[in-house]
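Below: the structure, in structure tokens.
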Amino acid sequence: MPTQLKYNASVAENTDVVYIIQPADLGLVPNLSDAEKNFAQSQLDSKGKMIFINRYTYKIYIVVVPEKKTMAGYQEELRLAGHGLQKVLKTDKVKNIAISDLTASNAARFVAVGIFLSNYEFLKYKSKSTPSVLESILITGEEYTEAEVSNLNHVLNGVFLTRDLVNEPHNFQSAENLAEEFVKIGEDAGFQTEVLEMTQIQSLKMGGLLSVNQGSIDPPTFTIMEWKPENAQNKKPIILVGKGVVYDTGGLSLKPTPNSMDLMKSDMAGAGAVAGIMYAVAKTKLPLHIIALVPATDNRPGGRAYAPGDVITMHSGKTVEVLNTDAEGRLILADALSFASKYDPELVIDFATLTGAAVRAIGKEAMAMMGTASEEVKTQLKIAGEHTYERMIEFPLWDEYGKHIESDIADIKNIGMAEAGHISAGKFLEHFTSYPWIHLDIAGTAFLTAPDSYRGKHATGSAVRLIYDFLAAKVKSKKA
Ligand code: BES
Ligand code: ZN
Ligand code: ZN
């Protein structure tokens, strides 16, 4: 059982506890002896940010909160403090930790998120391991409710679920395996799942997905997940589309191995994200009608593999000249995007580890966002980005970038120019949309090769907290 987040109105006696204080407020920490107070004060005077007091049967951790910068910056500092704390809790083999906020700034939940997310481990393939012993993180205080903390727990478990899916090696995760996982997740969380197989994908004429799959020995899948509660506030559904390339060799336009193909089990991180979001949405019973679509396949060379120079006909009927088989993500997403129009959606958001260009432009610090949705939707997304510190930078979809993908012999081609590759990829997708749409290129944020605080190393679960926050805010604003 992984660590769970729980709620209690107050801190029980004799339990391991974290007090969060402002620098001048040591006096607020209850029941410190004079010796402990003096010790803590001397630590504070030497600019200590974390103070440890070891009682016989339990430990007290005092976290001194940083100066407030922006609200988002302050809350991120708290998550980072949680990350620092998790390392100490691990060394101390703490099983249950209570968090008490003495700053009146809602600090406990952010520290809890930092501890929780830092406590992730992927030990499935370790024959010897010493898993974390942390069982529960208790958020205390009258400013929280049981329901709020339980919702947060579901969202963070959604992040872990996404991380697990993305960390899973390809030899254990074909497109069919991935679809089976979605079915299991749906059964657990309470949403419906339908998996379309090869013959159905053929009758739907999904030429993008079928072409990318041609070199594979495994069939493609197209999964439809649906959460439709009776109290849904939206008449038209919100659709989430996730790139499900379970392994990207580049195909005949083969990738090099180091720092490239060796990371490509993570090329289904968009699919992983939508599954994590659906899990959180269903577990928290969000009153919104939401559908997730995942086209999935691996991308390989092989006897029947699609080749540079091929012209393919997409699900929408448009023709595409394939000039690089490594630009496969846009081909499978395009089919899902045109398929989405049959639901007459209010909004479609796609998630994809789509381009190296997005990584070169903005690194692991942000997602690349673009789209045709309203300024209001984009602003709401950016606000959710500040709340969760899963930030995005918007790039333009100007007509001029459309020229980058003009083809001599087909309607469009699947690569742009040497520059602005993430934007030409966005322009490509735009051709297959006919509704308000947002594209999130998560190539930089979804999978890290070096540890980055509570995001960890390898799969981060990128976009799950962001989109849950965005959707939950939508519900609140409708209620108000
Ligand atoms: N899956 C890759 C993009 C990627 C790169 C994800 C690095 C994560 C980290 C994608 O399918 C791809 O190969 N894109 C090509 C497109 C190019 C051939 C137009 C790229 O970005 O190089
Ligand atoms: Zn590729
Ligand atoms: Zn790819």
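First listed ligand is number 1; within each ligand, the first listed atom is number 1. Scope of the values below: all heavy atoms of this structure, side chains included, with no hydrogens, waters or symmetry mates. No experiment lies behind these values; they were computed from the predicted model shown.
In this structure, P219 and N213 approach most closely via the heavy-atom pair C-ND2, 3.7 Å.
The distance between the ring centers of Y435 and Y343 does not fall below 6.0 angstrom. Aromatic pair F122/H458: ring centres not closer than 6.0 Å.
For the Zn ion (ligand 3), the N/O/S atoms of G329 include none lying under 2.8 Å.
Checking side-chain atoms of S129 against main-chain N and O of P131 turns up no donor-acceptor pair under 3.5 Å.
Checked against a 3.5 angstrom limit, the closest N/O atoms of N324 and ligand 1 fall outside it.
If you look at M261 next to ligand 1, there are no close heavy atoms at all, none under 4.0 Å. Using a 4.0 Å cut-off between heavy atoms, H422 makes no contact with ligand 1 at all. Residue-level proximity to ligand 1 for L354 is carried by the backbone, the only part with a heavy atom below 4.0 angstrom. Here I415 has side-chain heavy atoms under 4.0 Å from ligand 1, and that is the only part of it that gets that close.
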Trace of the salt bridge (charged side-chain N to carboxylate O under 4.0 Å, His left out) decision for E365 with R455: CA-CA 11 Å; E365 281 57 35; R455 287 171 197 83; over 6 Å; no
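Counting the atoms of ligand 1 from 1 in the order shown, those under 4.0 Å from a heavy atom of K255 are 2 (C), 12 (C), 13 (O).
Looking only at atom types and distance, the side chain of T257 has no donor-acceptor partner in the side chain of D262 under 3.5 Å away. When only modelled atom types and interatomic distance are considered, S174 and N177 share a side-chain donor-acceptor pair under 3.5 Å.
Here the N, O or S atom of E328 that is nearest to the Zn ion (ligand 2) is OE1. The N, O or S atom of D248 with the smallest distance to the Zn ion (ligand 2) is OD2.
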